[in-house]
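Remember, predicted model here, so these are calculated numbers, not experimental data.
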Amino acid sequence: MPEPPAMMTGDSLRIDYMAAHYWAGLDVADTTWATDTAALEQAVADWTALAGLLPPHRAAELTADALRRTGCTPALQRLMYDVMTHYFCHPNSPYRDERVCLALHGAASVSETLDSTTRAAARRKAAVGGRNSVGSVAADFAFLTREGVTRRLSDICGRYILLLFYDPSCDDCRRTEAEIAASRHIGRMIDAGEMAVVAISPDGDTDEWRSHAATMPDAWTVGCDTAHSIDRDGLYLIAATPTLYLLDSAQCVLLKDTDVREVIRLTTPPHHAPSDVCYRKLKTRTLAEAPPKPSRRLTEAPLYFQPSFSLVIRDRIRLNKSNQTSLSLLYSTFTIFVPEILHG
């Protein structure tokens, strides 16, 4: 792990220095990196911990730069792309970060090393993944309701709109549906007319969808995408189901790829989100000009002070005690900046 100069003061500057020089030790000409998957994955795993201490835009910039550095070794760049997207883009990864993920796909899409099929796929993921970001207006689409009526997302009214993309045969989807239905908080908001739940199956009108739709709560708007426009037109990137969005009354995205607990947290006082925040923004700016809403990581407590992150770091250090390099990296980083994580 690179040591910051002694004259460099301030935690943020020292962290940025270490992050900026983290990949300097990766010899891109050493072909063994391309075959030693475990070693590269360990390096990326340790990088996720360090990247979590950076501002989101800086983490995205440095992660994409690391991928570009491997361009002279095709096999290494492909492996690096696969491993990094697994950590930062996989829907079930605890390190998933949309900004880093988009930066990776953007770098891969213009790579002169990766094959044309991989570049084309990365280009599409970068284009679709950047849509419906927090602070933007959610893409509108038509759907067929279980009552046989064609409606559009823009027809739905409510202070909050909970948009659920699901698969009727998906066990995780059923658990999420049950969690929403069992929430007293969400139930009260639906009864008060403050929240509308819209459950959409992107796979079209099937017997399985009709059978399952009949079992969902009557207060929900349940539909399917008969035209398959969500996938065909790239309106939403649904990497896995269930996928949850929370919209405000102007159908601006408040939460993207979220979970039920976060929905409840944001819609419970004192965390009420202003329902007209995007409307006020769009009155003075076009959608293309409107700046993205800052990540929640900027407005909440720093990631490394959150208990869940402390446990992750402690567990990672325990698991890597046999790997002296990994242990040194983690220990040097977190004893400098967050000693309470290790000794608390």
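To the nearest 0.5 Å, the span separating OH on Y245 from OG1 on T258 amounts to 11.0 Å. Taking CD of Q77 as the start and OG of S111 as the end, the distance is 3.5 Å to the nearest 0.5 Å. Rounded to the nearest 0.5 Å, atoms CG (L163) and OG1 (T243) are 9.5 Å apart. To the nearest 0.5 Å, atom CG of residue N132 and atom CG of residue L235 are 8.0 Å apart. Within the model, atoms CE of M216 and OG1 of T221 stand 10.5 Å from one another, a figure rounded to the nearest 0.5 Å. To the nearest 0.5 Å, atoms CZ (R69) and CG (D27) are separated by 9.0 Å.
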Test salt bridge (Lys or Arg N to Asp or Glu O under 4.0 Å) applied to R159 and D248, step by step: CA-CA 6 Å; R159 182 179 183 185; D248 69 6; over 6 Å; no

Test log, rule side-chain contact (heavy atoms from CB on, under 4.5 Å), inputs W33 and V28: CA-CA 8 Å; W33 278 106; V28 295; over 6 Å; no

Stepwise side-chain contact (heavy atoms from CB on, under 4.5 Å) check, V253 with K256: CA-CA 7 Å; V253 179; K256 177 179 179 178; 4.1 Å; yes

Criterion side-chain contact (heavy atoms from CB on, under 4.5 Å) on R261 and E179, from CA distance to verdict: CA-CA 9 Å; R261 287 177 296 179; E179 188 178 1; 4.2 Å; yes

Step-by-step side-chain contact (heavy atoms from CB on, under 4.5 Å) determination, D205 to L144: CA-CA 8 Å; D205 186 5; L144 178 70; 3.9 Å; yes

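Between E147 and T145, the side chains place a donor N or O and an acceptor N or O closer than 3.5 Å (distance only, hydrogens not considered). Residues T118 and R78 bring a donor and an acceptor atom of their side chains to less than 3.5 Å of each other. A donor atom on one side chain and an acceptor atom on the other are found under 3.5 Å apart for Y81 and H105. For the residue pair H185 / T267, a side-chain donor-acceptor distance below 3.5 Å is found, with atom types taken as modelled. Side-chain N/O atoms of W47 and Y95 include no donor and acceptor closer than 3.5 Å. For the residue pair S169 / D167, a side-chain donor-acceptor distance below 3.5 Å is found, with atom types taken as modelled. For D140 and S154, the side-chain atoms include at least one donor-acceptor pair closer than 3.5 Å.
Minimum interatomic distance between H228 and D203 (heavy atoms only, all atoms of both residues): CE1-O, 3.2 Å. The minimum heavy-atom distance between R123 and S109, with the atom names listed, is NH2-O, 3.4 Å. Scanning both residues, A51 and A59, for their nearest heavy atoms gives O-CB, 3.7 Å. Heavy-atom minimum distance, M8 versus L13: SD-O, 3.4 Å. Closest approach of S93 and H86 over heavy atoms only: CB-O, 3.7 Å. Shortest non-hydrogen contact noted between R152 and A142 is NH1-CB, 3.5 Å.
Among residues at least two apart or in separate chains, disulfide (SG to SG under 2.5 Å) pairs with a member in residues 73-179 are C89-C101.
Hydrophobic clustering (ILVMFWY, side-chain heavy atoms < 4.5 Å, transitive): V128 and V134 are in distinct clusters. One hydrophobic cluster holds both Y160 and L244 under the rule that ILVMFWY side chains link at heavy-atom gaps under 4.5 Å. Both F88 and V83 belong to a common hydrophobic cluster when Ile, Leu, Val, Met, Phe, Trp and Tyr are linked at side-chain heavy-atom distances under 4.5 angstrom. Taking hydrophobic clusters as Ile, Leu, Val, Met, Phe, Trp and Tyr residues chained together by side-chain heavy-atom distances below 4.5 Å, V100 does not share a cluster with L102. Linking ILVMFWY residues whenever their side-chain heavy atoms come closer than 4.5 Å, directly or via other members, places L104 and L54 in the same cluster.
Partner L254 forms a side chain to side chain contact (heavy atoms under 4.5 Å, CB included) with one of L266, V263, L247 and no other, that one being L266. The side chain to side chain contact (heavy atoms under 4.5 Å, CB included) test with F143 is passed by exactly one of I200, D225, T150, V149: I200.
Using a 4.5 Å cut-off on side-chain heavy atoms (C-beta onward), M195 and L162 make contact. Inter-residue side-chain proximity for Y22 and D46 is flagged as met; some heavy-atom pair is nearer than 4.5 Å.
Between the side chain of Q251 and the backbone N or O of L153 there is at least one donor-acceptor pair closer than 3.5 Å. The closest donor-acceptor contact from the side chain of R146 to the backbone of A213 lies under 3.5 Å. Side chain of S183 to main chain of I186: a donor-acceptor pair is present (N/O by atom type, distance under 3.5 Å, no hydrogens or angles). When atom types are taken as modelled, the side chain of T70 and the backbone of L67 share a donor-acceptor pair closer than 3.5 angstrom. T35 places a side-chain N or O within 3.5 Å of a backbone atom of T32 that can act as its donor or acceptor partner. Side chain of T241 to main chain of Y166: no donor-acceptor pair is present (N/O by atom type, distance under 3.5 Å, no hydrogens or angles). Checked by atom type and distance alone, the side chain of R131 pairs as donor or acceptor with a backbone atom of G234 at under 3.5 Å. Checking side-chain atoms of H21 against main-chain N and O of Y17 turns up a donor-acceptor pair under 3.5 Å. Formation of a donor-acceptor pair under 3.5 Å by the R96 side chain with backbone atoms of Y87 is not found in this model.
No salt bridge links R174 with E177; every basic N to acidic carboxylate O contact stays at or beyond 4.0 Å. Using a 4.0 Å cut-off between charged nitrogen and carboxylate oxygen, R68 and D65 count as a salt-bridge pair.
R184 CZ: 12 or fewer foreign heavy atoms inside a 6.0 Å radius. Within 6.0 Å of CG in D207 there are 12 or fewer heavy atoms belonging to other residues, nucleotides or ligands.
Less than 6.0 angstrom separates the ring centroid of F165 from the ring centroid of Y236.
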